[in-house]
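Computed from a predicted model, the values in this text were never measured in an experiment.
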Amino acid sequence: MQDVVTAVNLTQKLRKARKAGAVVEVRMVREVPLVDHAPTWLNTIESGLTWKLGCDTDRAVMEVFNGLPHEVQRRLEFSPDGPMFWAARARFWQQKLRPVLPSKTYHAVMALLANWYAHCLRMRKVGVTV
């Protein structure tokens, strides 16, 4: 019965809209469920790099990521848009990692990230999206 009432109401609204001069188009719409996941370390470009330095290093950097505010984690899931944003991202990781990682590990991580960021900038310069 509810379907009939909905159809009648819809028909009335369509007729009023057409009389008012509106062009009406009827389309089939399906609801797609949206899964809003929490940001995760694995969704960042850095996670694809730090594992190369070993499990302990990867875990240490992941713990730093997990300690960040939700909004910052979400922003880190996307690559930067322009050169200045890549540099800002490198400075961000410098500030976050230097106090918590041993010096040798910190330098290895930052060298790896800086190398990758430079690679991404070179690729974008020639028109390849990374």
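E25 pairs by the side chain to side chain donor-acceptor pair (under 3.5 Å) definition with R27, not counting sequence neighbours.
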Please tabulate, for side-chain N and O atoms in residues 98-108, each donor-acceptor pair with protein atoms closer than 3.5 Å (sequence neighbours left out).
residue, atom, partner, partner atom, Å
R98, NH2, Y106, OH, 3.1

Report task. Test R75 against F92 for side-chain contact (heavy atoms from CB on, under 4.5 Å), laying out the working first. Result -> CA-CA 12 Å; R75 278 192 305 247; F92 169 82; over 6 Å; no
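In terms of heavy-atom proximity, M110 sits nearest to A90 at CE-O, 3.4 Å. The two residues T44 and S47 make their nearest non-hydrogen contact at O-OG, 3.0 Å. Across all their heavy atoms, A38 and H70 have their closest contact at CA-CE1, 4.4 Å.
Of the inter-residue distances, the one linking R59 atom CZ with T57 atom OG1 reads 10.5 Å to the nearest 0.5 angstrom. Here the straight-line distance linking atom CG of L14 with atom CG of N9 works out to 11.0 Å at 0.5 Å rounding. We find the CG-CZ distance between L121 and F85 to be 12.0 Å, quoted to the nearest 0.5 Å.
Residues L76 and W51 do not share a hydrophobic cluster, clusters being chains of Ile/Leu/Val/Met/Phe/Trp/Tyr side chains in contact below 4.5 Å. Note on L10: it clusters hydrophobically with V24, by side-chain heavy-atom contacts below 4.5 Å among ILVMFWY residues.
Using cut-offs of 30° and 60° for the angle between ring planes, the W41 and F65 rings count as tilted.
Within the structure, the salt bridge (charged side-chain N to carboxylate O under 4.0 Å, His left out) test picks out the following pairs touching residues 76-92 (sequence neighbours left out): E46-R89, R74-E77.
Under a 3.5 Å cut-off, the side chain of Q73 and the backbone N or O of T40 do not form any donor-acceptor pair.
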